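Encoded as structure tokens, the structure appears first; notes follow it.
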Amino acid sequence: MRRIGTWVALGGLLLSAACGGGSAATPTTATKPLAVGFVAEPANLDFTATEGAAIPQALLVNVYEGLVKLDQDGKIQPLLAEKWEVSPDNKTYTFTLRKGVTFTNGAPFTADDVVFSIDRVKSDWKLKIKSQMDVVDKVEKKDDSTAVVTLKQPSNGWLYSMATRLGAMFSRTGVADLANKPVGTGPYQLGSWKRGDSIQLTANEKYWGTKPQVPQITLKYFKDATAMNNALLTGGIDIISAVQAPESLAQFADTNRFQVVEGTTNGEVVLSMNNSRPPFNDKKVRQAVRHAIDHRALLDTAWAGRGQLIGSMVPPTDPWYEDRTGDYPYDVAKAKELLGGKTHNVKMRIPNLPYAVAAAQVVKSQLAQVGITAEIDPLEFPARWLDVVFKQGDYDLSIINHVEPRDMGIFADKSYYFRYDNPEFGKLLASADSGTEQEQAADLKAAAKLLSEDAAADWLFLFPNLIVAKKDITGGLPKNGISEAFDFTALTKR
């Protein structure tokens with residue numbers, strides 16, 4: 001079954017890639033190195049075999065590039081492809097590649113690498129999202145600078161998927177140790193990795209396009225929000241990539257020292273329910289949970305009111321967004337009625353990340369009012385949560401920020417950790433992917449409505465894009481988090 005758009009990356013807030021790249025190379029400026037604070041350090045550096053947001057957050061666009069990328073508005077822009085043409089039947093894409101591009105291992109980038117990279121998704125990738133390439137019939141080299149991709153049927157989502165990690169271009173001689181030695185065409189390359197502490201990226205002096213103004217970026221990882229905030233206050237880092245304690249923003253109120261960027265993201269904070277086992281294999285119990293949650297109170301309590309209530313797996317930046325927050329209004333009496341007087345004890349296994357821990361406390365309190373007793377079990381993220389919840393599906397409730405763009409299609413896979421199974425939903429996605437633009441929007445609105453009616457999950461809120469930086473960071477801080485990547489290439493410092 002073809003899935004629309006992109007699928008899920010878990011754990012951290014992803015920030016958008018700014019449009020750019022493609023002009024003649026210029027010397028790197030003498031700007032001093034920058035340090036950026038993050039949470040959820042990657043377990044390794046291979047995003048073809050490892051779930052989670054942390055790896056593409058660090059490497060996509062910065063180290064690895066695709067034929068296309070997303071700009072701040074979520075629109076597809078050229079990157080390693082100068083341009084592309086689509087056949088009248090919308091099945092054949094002809095990409096004209098940039099010339100003079102090399103990988104950091106010295107190998108030239110040609111159409112052979114395009115064939116290798118797209119074919120490799122099907123053959124070697126370990127992630128469920130690889131199924132997005134099932135729509136590809138064949139990919140061929142016309143000449144060194146031209147690659148032709150032929151789809152089995154028209155797809156509205158395929159090119160968009162190519163702007164995610166799925167479209168990353170790999171060197172045919174650079175995939176021997178992706179977990180430790182990434183080889184890409186990007187403006188940065190891996191400098192060093194101190195496990196448990198930081199990843200250092202250094203400017204690629206042979207980069208084909210405009211070289212980044214910051215020659216060295218250190219991604220500094222913190223296990224708690226207080227430590228990251230203190231690092232910015234004391235000069236240990238220059239930027240907090242995603243504020244983990246919104247109530248702490250008052251510390252950065254001095255506009256002579258700091259700046260705050262606030263926007264939106266694709267990140268739906270989902271209260272996941274295991275649809276395959278009691279009590280949540282009962283639709284009425286799932287519906288009761290949705291009525292039992294006071295979402296506005298949760299957002300105000302857990303995340304200082306920052307963010308947006310959406311009620312579905314579709315953010316407002318998507319053309320098919322509809323406000324579904326009214327589908328299940330807060331109604332304790334209705335929740336108890338749906339439960340039929342029964343009580344339940346459930347295990348809520350969550351990642352040990354600030355937003356999940358804060359939201360879980362509110363969810364636990366609100367569910368208790370209707371007779372559902374939830375035991376909170378924080379799991380180390382990413383390793384333990386990905387193993388126990390994501391891979392094994394051993395949980396009743398969980399809370400996670402699903403950050404990839406256009407990821408509603410994850411619910412079409414009944415083996416996915418939601419264990420949601422409704423063939424009608426998959427049919428709507430398939431119809432949306434092959435239909436006209438109007439049919440796509442209509443089908444995806446219907447799919448979101450069906451998910452909501454089935455109470456396949458509960459959508460707590462849309463995660464905000466909250467960045468705090470020193471005042472001397474003069475450019476490159478994205479207002480909205482649209483892409484999987486945090487694009488460092490546009491950062492500038494006074």
Side-chain angles (χ1 to χ4, degrees), residues 8 10 12-14 74 242-247 249 261-273 286-335 338 348 350 353-367 369-370 372 374 397-408 410-411 418 444-466 479-482:
V8 70
L10 304 169
L13 177 63
L14 295 187
V243 172
Q244 298 299 306
E247 67 277 4
L249 285 174
V261 175
E262 181 171 2
T264 189
T265 75
N266 292 305
E268 304 96 353
V269 179
V270 179
L271 176 62
S272 313
M273 293 181 267
R286 300 195 305 270
Q287 291 176 321
V289 167
R290 296 202 67 189
H291 278 299
I293 304 298
D294 183 342
H295 295 83
R296 173 52 61 185
L298 181 145
L299 181 59
D300 290 342
T301 303
W303 220 239
R306 308 277 182 160
Q308 182 177 350
L309 303 181
I310 52 175
S312 76
M313 199 67 180
V314 183
T317 48
D318 284 346
W320 39 88
Y321 169 74
E322 286 185 320
D323 182 354
R324 307 218 64 87
T325 55
D327 289 358
Y328 289 87
Y330 176 53
D331 189 334
V332 171
K334 181 64 174 178
L338 286 164
M348 182 159 42
I350 61 170
L353 298 172
Y355 71 86
V357 173
Q361 297 292 339
V362 181
V363 169
K364 176 180 178 177
S365 175
Q366 294 184 348
L367 291 184
Q369 296 178 27
V370 302
I372 299 176
L397 293 171
S398 190
I399 296 174
I400 196 71
N401 182 15
H402 285 253
V403 297
E404 272 200 3
R406 300 187 181 180
D407 54 359
M408 185 167 57
I410 55 181
F411 285 91
F418 300 120
L444 291 180
K445 286 179 180 179
K449 181 180 180 182
L450 180 59
L451 276 187
S452 180
E453 290 174 345
D454 279 351
D458 187 55
W459 295 272
L460 300 180
F461 60 94
L462 188 72
F463 207 90
N465 185 33
L466 284 174
K479 178 177 176 60
N480 297 321
I482 303 298

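Remember, predicted model here, so these are calculated numbers, not experimental data.
Side chain of D331 to backbone of A333: a donor-acceptor contact under 3.5 angstrom is found.
Heavy-atom minimum distance, A359 versus L298: O-CD1, 4.1 Å. The minimum heavy-atom distance between P246 and A304, with the atom names listed, is CB-CB, 3.7 Å. The two residues R324 and A448 come nearest to each other via the heavy atoms CD-O, 4.1 Å. Shown here for A245 and W303, the closest heavy-atom pair between the two residues is N-CH2, 4.3 Å. Heavy-atom minimum distance, Y321 versus P316: CG-CA, 3.5 Å. Residues G263 and N480 come closest through the heavy atom pair CA-OD1, 3.5 Å.
To the nearest 0.5 Å, atoms OG (S312) and CE (M408) are separated by 7.5 Å. Summarising the geometry, atom CZ belonging to F461 is positioned 6.0 Å from atom CG belonging to L299; distances are rounded to the nearest 0.5 Å. Annotation: the span from L271 atom CG to M273 atom CE amounts to 5.5 Å, rounded to 0.5 Å. Rounding to the nearest 0.5 Å gives a distance of 9.5 Å between CD of Q369 and CD1 of I293.
For Q366, there are no side-chain hydrogen bond (donor to acceptor under 3.5 Å, both in side chains) partners, not counting sequence neighbours. Residues satisfying the side-chain contact (heavy atoms from CB on, under 4.5 Å) test with A457, not counting sequence neighbours, are V270, F411, W459.
No side-chain heavy atom of V261 sits less than 4.5 Å from a side-chain heavy atom of L466. By the 4.5 Å heavy-atom criterion applied to side chains, V403 and T265 are not counted as neighbours. For the pair S272/I399, no side-chain contact is recorded, criterion being any heavy-atom separation below 4.5 Å from C-beta on. Side-chain contact between Q287 and Y328 is present, with at least one heavy-atom pair separated by less than 4.5 Å. In this structure, L444 and V314 have side chains that are not in contact, with every pair of non-hydrogen atoms separated by 4.5 Å or more. L462 places none of its side-chain heavy atoms less than 4.5 Å from the side chain of V269. Looking only at side-chain heavy atoms (C-beta outward), R406 and W320 come within less than 4.5 Å of each other. The shortest distance between side-chain heavy atoms of L367 and L397 falls below 4.5 Å.
There is no side-chain donor-acceptor pair under 3.5 Å between Y355 and Q244. A donor-acceptor pair shorter than 3.5 Å cannot be found between the side chains of T264 and N465.
Applying the side chain to side chain contact (heavy atoms under 4.5 Å, CB included) test between N266 and each of D407, N401, T317 identifies T317 as the sole match. Put simply, the residue from H291, R286, R290 that forms a side-chain hydrogen bond (donor to acceptor under 3.5 Å, both in side chains) with D458 is R290.
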Check the pair H295, T325 against side chain to side chain contact (heavy atoms under 4.5 Å, CB included), reporting the backbone distance first and the verdict last. CA-CA 9 Å; H295 295 83; T325 55; over 6 Å; no

Pair V357, I350 - check side chain to side chain contact (heavy atoms under 4.5 Å, CB included), show working. CA-CA 7 Å; V357 173; I350 61 170; 4.1 Å; yes

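Ring-plane geometry between H402 and F418 is classed as parallel, the angle between the planes falling under 30 degrees on a 0 to 90 degree scale with a further cut at 60.
A salt bridge (Lys or Arg N to Asp or Glu O under 4.0 Å) check over residues 262-272, counting only residues at least two apart or in different chains, returns the pairs E262-R306.
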